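Below: one structure, written as structure tokens.
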Protein chains: 2
Amino acid sequence: MPAAHQPSPVPLTVDRVAQICSERGVKFTALRRIAFEALLEFNGPVGAYDLIRALQRRLGKPVGPPTAYRALEFLQENGFVTRIETRNAFLPSTHPEDPATGAFFLCNHCGATLEMDLTELEAEFASRAAKVGFRVGRRVVELQGTCADCQETTSAAEGQSQVVKGGRG
Amino acid sequence: MPAAHQPSPVPLTVDRVAQICSERGVKFTALRRIAFEALLEFNGPVGAYDLIRALQRRLGKPVGPPTAYRALEFLQENGFVTRIETRNAFLPSTHPEDPATGAFFLCNHCGATLEMDLTELEAEFASRAAKVGFRVGRRVVELQGTCADCQETTSAAEGQSQVVKGGRG
DNA sequence: CAAGGTAGGTAATGTTATTACATCACTCAC
DNA sequence: GTGAGTGATGTAATAACATTACCTACCTTG
Ligand SMILES: [Zn+2]
Ligand SMILES: [Zn+2]
Ligand SMILES: [Zn+2]
Ligand SMILES: [Zn+2]
């Protein structure tokens, strides 16, 4: 079983997020910063309760679900984090400027997440939306399947030790 | 607030499902049939626990989550039901022959679900997948926003009685 | 009828997310 | 400075969604 991939583009840094927040006049509080740092360290989609545990470790005190969910809500609203719907998990974004634009290949085998650009598809979505008078907000495009690495090694490596990678197995 | 739409194509009937099951040599048991009938009556995406309650009413006895989830699993595997990921809900399909092909407009306001055909987009998905060596299985495409009806009436009708339509408000 | 397989019943538990309310911290009149 | 008002966080409880494990019923087939 191959290792999980990173999303190909460079991930957002904490400093960049801080800068954008300042430009937008929204508050990048300590909690929100720590939550974002924690998400970055996972190298893959992170479940809300994994984040809660990470926050507890970092803060040295109990952290309730609402605390984590509120931080995630802020990060999502500002395009710093994308929710992966089919995994109930959260992934740091690579492009906070156009939050609704991402789409993902998700490997069912190793958990890899591979982001692709949707710009070329948007015209198609828009024309279909226009036909029925629908105004599109958030776009969720998640294509599940098998990544290149996992296809190469599927037959040979099957049935060995259970290793979970990519943040969510 | 306007009424929720049906998906535009004609919904699958119980008879048609029975026929397909028979052709495929899979068992359309009483429970599975009743579950499918219940889903049809909701006129929109149905949460698993709403289905459980519907089954309990119809069967006059307690129904545990596994019973409902197993029926849903069967119906999904055979393309009779589609899971709406962003709603944690289940919707009877209109085209059991090509289960991976659908995409949905989902109105955040009234809960309407509007299915669109994705065939033209598949080439685009395929070419992107090919570029990175990804083999695509299940496709999830859900575009959230505001349906035509809700756009017309948003400003005028706001702030009145809370009416929930379309199965999931 | 015995063996094996598929479907369904039941209890318990796991996982994800929200509600409601209390508290804290900062800002801005006054 | 003080006290409202506001946005952010803390806490407890609960809701909503989903799975595991195990058992029982039934059907098929040799
Ligand atoms: Zn990989
Ligand atoms: Zn993989
Ligand atoms: Zn409508
Ligand atoms: Zn609507």
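Per chain, numbering begins at 1; letters A, B, ... match sequence-line order. This structure is a prediction, so every number in the text was calculated from the model and none was measured.
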For Arg70(B), report the nucleic acid contact type (base, sugar-phosphate, nothing); a contact means any heavy atom under 4.0 Å. base

Check Glu124(B), Glu122(B), Glu85(B) against Arg139(B) for a salt bridge (charged side-chain N to carboxylate O under 4.0 Å, His left out) and give me the one that passes. Glu122(B)

To the nearest angstrom, how far is Leu51(B) atom CG from dA18(D) atom C1'? 14 Å

Using a cut-off of less than 4.0 Å, is there contact between a side-chain N or O of Arg32(B) and OP1 or OP2 of dG8(C)? yes

Measure the distance from CG on Asn88(B) to P on dT19(D) and round it to the nearest whole Å. 11 Å

Protein-nucleotide distance (Leu59(A), atom CG; dG10(D), atom P), rounded to Å: 7 Å

Roughly, in whole Å, what's the span from CZ in Arg87(B) to P in dC17(D)? 12 Å

Counting heavy atoms from C-beta on, name the nucleotide in dA17(C), dT9(D), dA7(C) closest to the side chain of Thr29(B). dA7(C)

CZ of Arg57(A) to CZ of Arg53(A), rounded to nearest 0.5 Å, is 8.5 Å

Rounded to whole Å, how long is the line connecting atom OH of Tyr69(B) with atom P of dG9(C)? 16 Å

Could you pick out which residue, Lys27(B) or Arg53(B), lies toward the 5' side of DNA chain D when each is mapped onto its nearest nucleotide? Arg53(B)

Please compare Tyr49(B) and Lys61(B) by the position of their nearest nucleotide in DNA chain C and report the one closer to 5'. Lys61(B)

Nearest to side-chain heavy atoms of Pro66(A), which nucleotide of dG8(C), dA18(D), dA12(D): dA12(D)

Does Arg83(A) have a side-chain nitrogen or oxygen under 4.0 Å from the phosphate oxygens OP1 or OP2 of dA17(C)? yes

Looking across every strand, which nucleic acid part, if any, lies under 4.0 Å from Thr67(A) by heavy atom: base, sugar-phosphate, or nothing? base

Passes salt bridge (charged side-chain N to carboxylate O under 4.0 Å, His left out), Arg16(B) versus Glu97(B)? Steps please. CA-CA 12 Å; Arg16(B) 174 117 177 71; Glu97(B) 309 304 343; 3.4 Å; yes

To the nearest angstrom, the CG-P distance between Asp50(A) and dT16(C) comes to 7 Å

Take Leu72(A) and Leu39(A), measure what side-chain contact (heavy atoms from CB on, under 4.5 Å) needs, and give me the verdict at the end. CA-CA 10 Å; Leu72(A) 287 170; Leu39(A) 289 171; 3.9 Å; yes

